[in-house]
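Here's the structure we're looking at; comments come further down.
What you see is a predicted model; the values in this text were computed from it and never measured. Per chain, numbering begins at 1; letters A, B, ... match sequence-line order.
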2 protein chains.
Amino acid sequence: MKKKSIKDIAQELGYSKTTVSFVLNNKGDEKNISKKTQEKILAYVREVNYQPNQIAKSLKKGKTNTIGYLVPDISNPFYAKIGRLIEDLLADKGYHLIIGSTDETQEKEDLLLNMFVNRQVDGLILASSFENLGMLNTLTSQRFPMVFFDREHPDFLGNYILVENKKAMKNAVQKVIQQGAKKIGLLSITPNVYSLKLRIDGYREALSDSNIHIEDRLIRIVDNNNLKESTKAQLQYLMEEQVDAVVFTNNQITAQAIWAMNIFHKEKIENVKFVSFDNLDLFDYSKPKVTSVAQPIEKIANYTVDILEEVMNEKERISKRIVLEPKLIERL
Amino acid sequence: MKKKSIKDIAQELGYSKTTVSFVLNNKGDEKNISKKTQEKILAYVREVNYQPNQIAKSLKKGKTNTIGYLVPDISNPFYAKIGRLIEDLLADKGYHLIIGSTDETQEKEDLLLNMFVNRQVDGLILASSFENLGMLNTLTSQRFPMVFFDREHPDFLGNYILVENKKAMKNAVQKVIQQGAKKIGLLSITPNVYSLKLRIDGYREALSDSNIHIEDRLIRIVDNNNLKESTKAQLQYLMEEQVDAVVFTNNQITAQAIWAMNIFHKEKIENVKFVSFDNLDLFDYSKPKVTSVAQPIEKIANYTVDILEEVMNEKERISKRIVLEPKLIERL
DNA sequence: TCGATTTAGTAAAACGGTTTAGTAAAAATA
DNA sequence: TATTTTTACTAAACCGTTTTACTAAATCGA
């Protein structure tokens with residue numbers, strides 16, 4: 001039994017497609033369809049459980065009620081949680097989420113971006129790697145509704161929901177310095193991402209403000225494609241260097257490092273302090289102690305959706321930049 | 001500047017829509033379009049960066065290349081990880097994922113199911129709560145391509161990718177019994193979900209096989225809407241009951257309970273053993289020790305996608321049931 | 001009672017592609 | 001040279017909606 005279309009309904013009831021469509025869209029009164037007819041159509045529609053084809057609707061209306069959610073990795077708890085919040089907020093407004101993970105590569109990002117646009121998503125929410133601005137500039141010039149979060153690029157003007165990366169990181173690192181840390185290492189994934197670079201800058205500023213010499217060899221980059229092994233190896237290096245604190249630019253590395261510390265460097269676990277960007281519940285009790293910068297994910301989700309809605313409704317171009325205050329959670 | 005359509009391209013080049021469409025779909029040779037024309041069209045298309053409207057394509061072809069991914073909560077690491085794996089596998093085949101979180105409620109599930117179907121997804125991957133089979137039965141009778149994972153229902157015949165819930169849980173619980181645990185509590189979210197019930201059954205069987213009296217008051221249900229507080233409260237109860245082991249039916253509760261133990265019951269932490277369904281990295285080092293049943297998520301993702309593809313291609317109805325062996329990770 | 005208005009609907013175009021069923025001209029064959 | 005085949009292309013229908021522009025009949029107002 002094939003799915004019924006408006007045409008079928010109309011034929012079976014002896015009305016025109018137009019009439020049926022009007023009734024289904026609650027325009028019956030406005031369009032002078034008699035009460036009797038309206039009821040007849042609605043009853044029948046209910047009886048046969050007619051379901052409108054959204055694709056056809058989208059084609060005609062030029063609106064899909066779909067939003068693209070493009071992040072480095074949807075299974076990263078940070079992006080997963082924000083994704084979930086956004087999903088719920090958008091669902092209330094009748095939108096749904098189509099997802100894409102970029103693995104921080106421009107290739108995948110461009111591929112997905114193209115895919116989203118071809119699928120006529122009504123808007124995009126992105127944590128872009130900003131490796132190459134080409135595609136994003138094109139979309140901007142077409143006034144494609146986009147809101148960026150978590151990541152930024154100094155040469156790209158768009159709608160941003162961010163936190164004060166540099167300042168927050170600096171603050172956090174200063175705390176462990178105040179506690180006596182002198183030799184402080186840092187682990188980060190690709191520093192080509194500007195927001196991560198800012199976090200590293202925050203670390204640098206904290207050290208130099210306290211007259212601690214910055215040793216570049218203590219700034220280690222882990223391989224994003226092999227996070228577990230690579231974090232283990234780089235942490236090993238820092239442990240051999242006898243650092244008394246390690247700073248991490250995101251929560252995934254921190255979680256991996258906590259794991260590695262507990263498995264391979266148990267003896268040093270009380271003598272090392274961690275500093276993490278992004279919080280995780282487990283930091284509340286895990287060793288080493290982790291001082292973390294907690295991003296306000298509910299607020300991020302709320303603002304992102306709000307601004308996206310604004311952008312989709314406005315005809316003029318707007319570029320808002322909202323910088324939220326992250327919360328410093330000291331565990332010393 | 002509005003987006004160009006095939007019609008525009010055709011007009012600007014002096015060909016018909018048909019010709020342009022043939023060339024764009026690599027049917028130029030087959031359809032006897034001259035090399036010269038093909039090159040001209042392709043060059044122009046590249047020049048103006050023409051992007052086909054997938055919605056129009058989908059409408060005509062009756063295929064959207066979109067798969068719905070319906071789970072209790074996309075931000076649950078288990079579903080997020082499997083989602084990511086599935087995303088990648090499907091991307092290779094030209095499909096993309098649209099997501100929905102049900103919060104284990106039938107209302108949301110039905111709403112999302114309807115939404116997915118109206119949006120003409122080509123198939124569905126679901127961890128259903130199976131509270132009510134109505135909608136699922138309807139879809140089955142329409143031969144809508146669906147693959148179920150993680151959750152099952154005894155009265156529903158469909159394609160399943162599962163693990164041996166009862167047996168695996170029984171096994172795991174037996175390990176802690178062998179280690180001397182005598183009073184064993186259990187924490188679960190809604191036991192209306194059959195797969196969770198099976199896990200609880202496994203716990204029951206392990207106890208009765210070892211002649212341990214099953215005390216129903218030691219089986220506590222936590223409120224899914226308030227996981228953190230509820231887990232804390234129920235754990236508190238079990239601690240007051242002086243249990244020497246606690247069994248959890250999924251990883252989210254286990255993680256919350258570890259948190260609560262570390263914050264509120266530190267003194268008992270060495271004297272209690274945990275048993276968790278689903279593994280987490282942090283179980284490798286966290287206290288209390290956690291013996292866990294690790295689901296083979298790569299295999300689950302692979303099979304799910306494989307079977308879904310089969311179902312989408314076959315015309316006859318197939319109902320496969322694949323039961324995978326989970327890995328028991330003993331940490332005693 | 002006659003023209004104007006309202007009521008209750010409909011036909012057809014449009015959205016942007018794909019596909020079927022063609023056609024006219026050129027080339028090949030007899 | 002006449003017929004057939006091949007080449008190169010196109011008109012129009014179609015997918016399932018929405019929407020514009022229309023009409024015929026009924027009702028209203030003076």
Side-chain angles (χ1 to χ4, degrees), chain A residues 2-42 44-45 48-66 94 115 117-122, chain B residues 2-42 44-45 48-66 94 115 117-122:
Chain A
K2 241 191 103 264
K3 283 199 67 178
K4 282 201 193 312
S5 69
I6 280 199
K7 196 177 159 190
D8 300 323
I9 308 267
Q11 249 157 30
E12 286 156 28
L13 249 54
Y15 289 105
S16 71
K17 294 196 302 174
T18 313
T19 304
V20 177
S21 174
F22 284 156
V23 172
L24 288 177
N25 289 289
N26 275 326
K27 291 186 186 160
D29 292 341
E30 176 193 339
K31 296 289 181 177
N32 285 319
I33 310 298
S34 72
K35 284 278 172 226
K36 225 176 277 174
T37 302
Q38 293 199 40
E39 275 157 29
K40 219 155 85 187
I41 291 176
L42 287 175
Y44 189 69
V45 153
V48 302
N49 189 30
Y50 163 77
Q51 300 290 130
N53 181 325
Q54 291 295 337
I55 298 294
K57 202 171 203 159
S58 294
L59 176 60
K60 179 67 204 186
K61 293 222 163 182
K63 188 158 193 282
T64 56
N65 283 276
T66 308
M115 183 277 280
V117 173
N118 293 353
R119 276 165 189 255
Q120 316 291 120
V121 298
D122 297 331
Chain B
K2 239 188 106 266
K3 282 199 67 177
K4 282 201 192 315
S5 71
I6 278 201
K7 197 176 157 192
D8 299 324
I9 307 267
Q11 248 158 29
E12 284 156 28
L13 249 51
Y15 289 106
S16 72
K17 291 198 303 174
T18 314
T19 304
V20 176
S21 174
F22 283 156
V23 172
L24 287 177
N25 289 289
N26 275 326
K27 291 186 185 160
D29 291 341
E30 177 192 339
K31 296 289 181 178
N32 285 319
I33 309 299
S34 71
K35 284 281 172 220
K36 225 176 280 175
T37 303
Q38 293 199 39
E39 275 157 28
K40 219 154 88 185
I41 291 175
L42 288 176
Y44 189 69
V45 154
V48 302
N49 188 31
Y50 164 75
Q51 300 290 132
N53 181 326
Q54 292 294 338
I55 298 294
K57 202 171 203 158
S58 294
L59 176 58
K60 177 68 205 191
K61 293 222 163 184
K63 187 159 195 282
T64 55
N65 284 275
T66 309
M115 183 277 280
V117 172
N118 293 352
R119 275 164 190 256
Q120 315 292 119
V121 297
D122 297 330

Quick check: on DNA chain C, is the nucleotide nearest A/Y15 upstream (toward 5') of the one nearest A/L59, or the reverse? Name the residue that is more 5'. A/Y15

OP1, OP2 of D/dT18 versus side-chain N and O of A/N25: anything below 4.0 Å? yes

Base, sugar-phosphate, or nothing for A/G28, non-hydrogen atoms under 4.0 angstrom? nothing

What integer distance in Å separates B/Y50:OH from C/dG17:P? 3 Å

Nearest whole angstrom, please: distance from the P of C/dA21 to the CZ of B/F22. 12 Å

Atom-pair distance (NZ on A/K60; P on D/dC14), nearest Å: 18 Å

Rounding to an integer number of Å, can you tell me how far B/K3 NZ sits from C/dG17 P? 8 Å

At what distance, to the nearest 0.5 angstrom, does CG of A/L59 lie from CD of B/Q54? 12.0 Å

Look at the side chain of A/K17 against the base of D/dT17 and say whether a donor-acceptor pair falls under 3.5 Å; ignore hydrogens and angles. yes

Going from OG1 on A/T37 to OH on A/Y15, what distance comes out if it is rounded to the nearest 0.5 angstrom? 3.0 Å

Taking OP1 and OP2 of C/dT18, is either one under 4.0 Å from a side-chain nitrogen or oxygen of B/T18? no

Kindly say if A/K31 contacts the phosphate of C/dG9, meaning a side-chain N or O under 4.0 Å from OP1 or OP2. no

As a test of reading the structure: which of C/dT18, D/dT7, C/dA11 is closest to the side chain of B/N32, going by heavy atoms? D/dT7

Under 4.0 Å, heavy atoms only, any strand: does A/S58 hit a base, just the sugar-phosphate, or nothing? nothing

Roughly, in whole Å, what's the span from CD in A/Q120 to P in D/dT17? 19 Å

Measuring only between side-chain heavy atoms, which start at C-beta, is B/K3 closer than 4.5 Å to A/V117? yes

Quick one: label A/K57 by what it contacts on the DNA or RNA (base, sugar-phosphate, nothing), any heavy atom closer than 4.0 Å. sugar-phosphate

Atom CD of A/Q11 and atom C1' of D/dG16 are separated, to the nearest Å, by 13 Å

Quick one: is D/dT10 close enough that its OP1 or OP2 comes under 4.0 Å of any side-chain N or O from B/T19? yes

Could you give the CG-to-P distance, from A/D29 to C/dT7, as a whole number of Å? 11 Å

Taking the minimum atom-to-atom distance to the side chain of A/S5, which one of D/dC14, D/dT17, C/dG9 wins? D/dT17

pair B/I41-B/T19: side-chain heavy atoms closer than 4.5 Å: yes

Would you compute the distance between atom CZ of B/R119 and atom NZ of A/K57 and round it to the nearest 0.5 angstrom? 10.5 Å

So what does B/K27 hit on the nucleic acid, given a heavy-atom distance under 4.0 Å: a base, only sugar-phosphate, or nothing? sugar-phosphate

Rounded to the Å, how far apart are B/E30 CD and D/dC9 P? 16 Å

Tell me whether the OP1 or OP2 atom of C/dG9 has a side-chain N or O from A/S34 closer than 4.0 Å. yes

Close side-chain approach of A/K35 and A/D29, heavy atoms under 4.5 Å: yes

